[in-house]
Amino acid sequence: TVMAEELSSLEPLVAALQEAGYTVIGPTVRDGAIVLAEVESAEDLPYGVGVDVAPGSYRLRRRDDRMAFGHSTGPQSAKSFLHPARSLLFSATRDADADVTIGEPSAPPPRYAFLGLRACDLRAVDIQQRVLGRADTSAYARARAAAFIVAANCTEPASTCFCVSAGGGPRAESGFDLALTELVDGDRVRFLVESGSPQGEQILAGLPTRPASEDFAAQAYAAVEDAATRMGRALPDVDLHELMAVSREAPRWDDVASRCLACGNCTMVCPTCFCTTVTDTTDVTGDHAQRWQTWDSCFDLDFSYLHGGPVRSSVRGRYRQWLSHKVGTWHDQFGETGCVGCGRCIAWCPVGIDITEETNALALAAQLGAPATPAQA
């Protein structure tokens, strides 16, 4: 049973999550951006802060109200916490008798409560669970199982958002413990709170709420439905899996390669990109070693390195690999797309390359039967 309540302040929610033993992670303002960090009190949230986002551009702005979630997604997602950029896999120690002891991290995963995750990021959590959490004992699966998620239904999409055309929407449908929809009336801010799990019901039951009226709930649902009509961009309405398959030799790859810096920003901010590499380190004595897992990117020249050299030596080949996998062959591996339409790759690309522009250009070329160029690695 979904409980729908009205809440006038987020402070009791933050306090309840902390009392339940969670480290609350939510949006905060730092270094000119909305970043995810530990929230010690509801006052740490970015009240009255909005964002102006465009290809290669991200700026904070002051809103005329006190909305806590009146902004689109920042550069981070839950990936930064559930699939950290750097994590220890194991350590090895050699004693005086030359016996080697292998030790794996034994500490339980941190218990995060994510406050204000958008629907696109909830989809990304689910996608990464399918990729990284298929084994219940994996680090990702354990971290996700320990997490509590408070979603924030989106009423303020950015000009770079396209979640609807990516198969989602601004409203969280599943994967959350609690879901908030924020409504503002002058200086007054109210939240419609809905439960999505027994754990969510338990937390909600302890909050100072009142049953949501039909009128208030209708206003909240209408605000989210309106956001779905205000997406700034859209993927082409075609079978993207098929499009990537027939576009391998498209001239458009040369065009985007002339602009792409192969910096990997898009993969770093993407909430579903999961590629990693492994690094071994040893201290000066040679008796202690560690193996670390760190994020990697298919834009890195060494990412596809095999004996003799990299498989994809050109920027053309590396961008094509990224996009073709993200919206094409991801279906073959995981049964769905790897793009949730959050728009981060557009905003945080230094030269403003737009995934929706590129896929629409490829779709138009395929429709017109544009000539292909010779394959390049």
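Index from 1, following the sequence. Values below: every heavy atom of this structure, side chains too, minus hydrogens, waters and symmetry copies.
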Show the nearest heavy-atom pair for residues Pro12 and Leu207, with the distance to one decimal.
O-CD2, 3.6 Å
Under 3.5 Å donor-acceptor, Thr282 side chain and Ala289 backbone:
no
OG1 of Thr28 to CG of Leu36: how many Å apart, nearest 0.5 Å?
7.5 Å
Residue list, side chain to side chain donor-acceptor pair (under 3.5 Å) with Gln199, at least two apart or on another chain
Ser197
Shortest non-hydrogen contact from Ile34 to Pro27?
CG2-CB, 3.6 Å
Measuring from atom CD of Glu156 to atom OG of Ser72, what distance do you get when rounded to the nearest 0.5 angstrom?
9.0 Å
Would you say that more than 12 heavy atoms from the other residues, nucleotides or ligands in this model lie under 6.0 Å from the CZ of Arg30, or not?
no
Within the 4.5 Å heavy-atom criterion, are Thr337 and His331 side-chain neighbours or not?
yes
Determine whether a donor-acceptor pair (N or O, by modelled atom type, separation under 3.5 Å) exists between the side chain of Arg320 and the backbone of Arg248.
yes
So among His83, Lys79, Lys326, which one has a side-chain hydrogen bond (donor to acceptor under 3.5 Å, both in side chains) with Thr272?
Lys326
Backbone N or O of Val189 within a donor-acceptor pair of the Arg66 side chain at under 3.5 Å?
no
Main-chain N/O of Cys273 paired with Thr267 side-chain donor or acceptor, under 3.5 Å
no
Would Val14 and Leu115 satisfy side-chain contact (heavy atoms from CB on, under 4.5 Å), going step by step from the backbone distance to the final call?
CA-CA 8 Å; Val14 172; Leu115 176 60; 3.9 Å; yes
Pairs where residues 35-53 contributes a residue and the test side chain to side chain donor-acceptor pair (under 3.5 Å) is met, not counting sequence neighbours:
Glu11-Ser41, Asp52-Arg61
I'd like to know if the side chain of Asp177 reaches the main chain of Ile149, judged simply by a donor and an acceptor atom lying under 3.5 Å from each other, with no hydrogens or angles considered.
yes
Using ring-ring contact (aromatic ring centres under 6.0 Å, His included) as the criterion, list what pairs up with Phe303, not counting sequence neighbours.
none
Donor-acceptor check, side chain of Ser324 to backbone of Gln321, threshold 3.5 angstrom: yes or no?
no
Residues pairing under ring pair (Phe, Tyr, Trp, His ring centres under 6.0 Å) where one sits in residues 167-201, two or more places apart or in two chains, turn out to be none
Tell me, with the steps shown, if Asp302 and Thr277 meet side-chain contact (heavy atoms from CB on, under 4.5 Å).
CA-CA 10 Å; Asp302 289 337; Thr277 190; over 6 Å; no
How long is the span from the CG atom in Asp226 to the OG1 atom in Thr155, to the nearest 0.5 Å?
9.0 Å
Is the number of heavy atoms from other residues, nucleotides or ligands under 6.0 Å of Asp280 CG greater than 12?
yes
Distance check, rounded to the nearest 0.5 Å: Cys163 atom SG versus Met231 atom CE?
4.0 Å
Salt bridge check, Arg252 against Glu357: does any charged N sit closer than 4.0 Å to a carboxylate O?
yes
Check for a donor-acceptor pair, side chain of Asp99 on one end and backbone N or O of Asp95 on the other, with a separation under 3.5 Å.
no
Establish whether Leu235 and Ile346 are linked, either directly or via other cluster members, by ILVMFWY side-chain heavy-atom contacts under 4.5 Å.
yes
Side chain to side chain contact (heavy atoms under 4.5 Å, CB included) partners for Thr329, two or more places apart
His325, Asp332
For the student: nearest non-hydrogen atoms of Cys342 and Thr73, plus distance:
O-OG1, 3.9 Å
For Tyr305, what residues pass the side chain to side chain donor-acceptor pair (under 3.5 Å) criterion, not counting sequence neighbours?
none
Working for side-chain contact (heavy atoms from CB on, under 4.5 Å), residues Arg190 and Asp185:
CA-CA 8 Å; Arg190 296 181 293 165; Asp185 181 14; 5.7 Å; no
Can you list everything that forms a side chain to side chain contact (heavy atoms under 4.5 Å, CB included) with Ala227? Sequence neighbours excluded, please.
Pro157, Pro170, Arg230
Could you note down all residue pairs passing ring pair (Phe, Tyr, Trp, His ring centres under 6.0 Å) where residues 211-230 supplies at least one of them, sequence neighbours left out?
none
Interatomic distance, Gln367 atom CD to Leu362 atom CG [nearest 0.5 angstrom]:
13.0 Å
Please list, chain by chain and in numerical order, all residues satisfying ring-ring contact (aromatic ring centres under 6.0 Å, His included) with Tyr319, sequence neighbours excluded.
Trp322
Taking ring-ring contact (aromatic ring centres under 6.0 Å, His included) as the test, write out the residues that go with Tyr22, two or more places apart.
Phe148
Considering all heavy atoms of both residues, which atom of Phe69 and which atom of Glu182 are nearest to each other, and what is their separation?
N-OE1, 2.8 Å
Show your working on side-chain contact (heavy atoms from CB on, under 4.5 Å) between Arg318 and Cys298 and close with a plain yes or no.
CA-CA 6 Å; Arg318 299 201 291 281; Cys298 54; over 6 Å; no
Quick one: side chain to side chain donor-acceptor pair (under 3.5 Å) pairs with a partner in residues 118-138, sequence neighbours left out?
Asp121-Arg344, Asp126-Arg130, Arg130-Glu336
Contacts of Trp348 that satisfy ring-ring contact (aromatic ring centres under 6.0 Å, His included) - sequence neighbours left out
Tyr58
Nearest 0.5 Å, what's the CG-CD1 distance between Leu117 and Ile25?
10.5 Å
Correct closest heavy-atom pair for Leu122 and Ser174 would be CD1-O, 3.7 Å
